[in-house]
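First the proteins, then the strands, lettered A, B, ... as listed; each starts at 1. What's counted below: heavy atoms across the whole structure, side chains too, no hydrogens, waters or symmetry copies.
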Amino acid sequence: MTKSVVTRFAPSPTGYLHIGGARTALFNWAYARAKGGKFLLRIEDTDRERSTQGAIDAILSGLNWLGLEPDEAPLFQSKQQARHVEVAEQLLASGHAYRSYADDSEVEAIRQKARADGVAARYPGRDEPIAEQFIEQSVVRFKAPIDGETVIDDEVQGQVSIRNDQLDDLVLLRSDGTPTYMLAVVVDDHDMGITHVIRGDDHLTNAAKQIQIYQALSWDVPVFAHIPLIHGADGAKLSKRHGALGVEAYQAMGYLTEALRNYLARLGWSHGDEEIISTEQLIEWFDIQGINKSPARFDMAKLDHVNGHYIRESEPAVVISEVKSLLEMCEDELNLPFKAEQIDYKKLQASFPFLKERAKTLIELLETAAYLFAERPVALSEKAETILSGDGAGEILGAVVERLSGLDQWEKDNIEQGLKAFSVEKELKFGKIAPLLRCSLTGSTVSPGIYDILLSLGRDESLSRIQDQLSR
RNA sequence: GCCCCCUUCGUCUAGUGGUUAGGACGCAAGAUUUUCAUUCUUGAAACAGGAGUUCGAUUCUCCUAGGGGGUGCCA
């Protein structure tokens, strides 16, 4: 019987949850779910100076928004300090670690020399105890093996061997007695019962060092899977310009969590030719075998496409409530042509079926819905102005209002038939009529279909808006 | 410098010792059409380069180039 899977996401709280971290979390989450295991969260705050509460909150809310809830309360690495020290002492006692002291210039010289020799650095204290007077200010270093090699059996990268003379004697305990990352991950992963470590491949070399620590402790080594990093659109490392934003930035840009999740899952992982993958399918299909070895670039255009798909496929009520929380979260930054308080959500939802066809993001949805909440008289765009001042525009519009107001019922079929009949009677191509209506009703030359607009605005508002233009 | 990893259309990817190298985004053209979009159809577009193994390599091996990571009392 095999152990049940336990994965973890272990961010260091020095910034927001960026897109690469989000994908790592997603993979860990998906793998645990796929295998019926557990997904845990550990906050790696051993660097007390750079860790902030704000970052912790951002990570938590980011995960929450993505729906990647850990199965247990998050573990804070800083709270495990006593245990880390205990293990370091155990290593010291078993001869797998040593106390070392050297001032900055000595350390620098040692490194220079090691570098020139093409081998990893070893430090004073490794072979002989250091002088008593330095114990107080010493660090505890791992006594890494020199001969042989360390092999990482990576589920993604394959078998990777690194000669032991390339792996240096890393610090386990700082001179102030606090544990370093390298010690803490090993101890915590072990203590938390982590079976699978899925993380960015910037940790690949670290894995070798960690394996040495596991071995020194006679602990089982977890399964490693080092996934390639995400790059920006230009192939360079992710920067703010192209994607290294916090996940909440994507929320603010109007992306749906299902869409971002789908896109992220598909970035570096695949299941045949599948593109649109629901959460259920992801859980059913996800496996480390499907993860790619090469780095992927972040492509906003594709994210847009996926998002547009989810907007069209989702339940209206669901999307509308997303819009609502988006506005509550950051209306000020959105730069909309109207105020959130002007929104009539009932109207918005009723119009959703035709609004969704032209929206790739929630922001675009709101933008095309703007005409619904515009105040009379509707402001005209430059192009709309031109069209409404064209030859015979007023005349046609006048006749149209008359016809429309004579309609006994304000329903789609009615309106359509009325307008078509009008077009035939007046011997006017529909292309002569529709633009005038569109401009006077929305102030723009781009909008949803004319019948949809008329219907969604309602009889009174529609007629009034046209009148506004006639009496200009 | 040294060590490690990566390389299929512009991008995300499927795939195999013999395929017309497939899909998706994007792009182009067309259809639908009252604009924009949606939708549909069609098209252009890739195995980084060089050796080797082999009857045959995109696929296996090596080298080179390019990209990335590590080399911290950061994680």
Side-chain angles (χ1 to χ4, degrees), chain A residues 10-14 44-47 49-51 77 100 104 107 111 114-121 137-141 152 154 156-158 160-163 165-168 170-182 184-185 200-209 226 228-229 231 233 235-237 263 266-276 290 292-306 308-309 312 354-360 364 368 383 387 419 423 429-439 442 444-451:
Chain A
S12 59
T14 52
E44 309 232 314
D45 54 353
T46 48
D47 183 352
E49 279 170 25
R50 294 200 297 153
S51 301
Q77 196 156 57
S100 177
D104 290 351
V107 168
R111 285 209 187 109
R115 188 172 168 143
D117 294 345
V119 295
Q137 17 176 356
S138 68
V139 296
V140 173
R141 284 189 183 273
I152 308 159
D154 196 277
V156 173
Q157 307 290 340
V160 177
S161 353
I162 299 178
R163 275 184 288 120
D165 67 11
Q166 295 300 323
L167 271 8
D168 62 6
L170 58 268
V171 170
L172 261 17
L173 249 35
R174 302 186 182 98
S175 51
D176 64 0
T178 58
T180 59
Y181 161 78
M182 217 56 88
V185 240
D201 71 3
D202 48 337
H203 285 288
L204 187 58
T205 315
N206 288 341
K209 300 178 188 176
H226 289 92
L229 270 12
H231 290 176
K237 275 174 82 171
Y263 176 74
R266 200 55 196 66
L267 199 62
W269 174 82
S270 62
H271 185 262
D273 281 337
E274 300 292 341
E275 294 288 347
I276 297 298
N292 243 275
K293 297 177 84 164
S294 47
R297 300 185 187 199
F298 194 84
D299 182 6
M300 281 282 192
K302 187 153 183 180
L303 209 211
D304 278 347
H305 174 263
V306 174
H309 174 88
R312 271 172 267 129
F354 59 84
L355 293 175
K356 70 178 181 182
E357 298 300 330
R358 46 213 104 207
K360 288 196 162 63
E364 288 179 13
T368 64
K383 284 182 184 168
I387 287 177
L419 248 22
S423 158
K429 284 201 169 163
F430 202 67
K432 282 278 181 199
I433 307 167
L436 297 175
L437 280 171
R438 184 188 322 285
C439 292
T442 70
S444 167
T445 51
V446 176
S447 81
I450 212 71
Y451 309 125

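For a distance-only test at 3.5 Å, the side chain of D202(A) fails to qualify as a donor-acceptor partner of the base of A75(B).
Atom CD in E274(A) sits about 15 Å away from atom P in G23(B), given to the nearest Å.
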### Protein proximity profile, nucleotides 1-12 of chain B - base contact B, sugar-phosphate-only contact S, no contact -, cut-off 4.0 Å on heavy atoms
BSSSSSS---SB
### Task
Between protein and nucleotides 32-37 of chain B, map the contacts as a letter string: B base, S sugar-phosphate only, - none, heavy atoms under 4.0 Å, written 5' to 3'.
--BBBS
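Between R312(A) and U38(B), a side-chain N or O to OP1/OP2 separation shorter than 4.0 Å is absent. Note on T180(A): every side-chain N or O is 4.0 Å or more away from OP1 and OP2 of C73(B).
Annotation: side chain to side chain contact (heavy atoms under 4.5 Å, CB included) contacts of R115(A) (sequence neighbours excluded): none.
Formation of a donor-acceptor pair under 3.5 Å by the R358(A) side chain with backbone atoms of E364(A) is not found in this model. With D45(A) contributing its side chain and S51(A) its backbone, the two residues share no donor-acceptor pair below 3.5 Å.
U35(B) and A45(B): their P atoms are spaced 32 Å apart (whole Å). Here the separation of U58(B) from G1(B), taken at their C1' atoms, is 35 Å to the nearest Å. For C47(B) and C9(B), the C1' atoms lie 10 Å apart once the distance is rounded to whole Å. Taking atom P on both U71(B) and C12(B), the two are 26 Å apart, rounded to the nearest angstrom.
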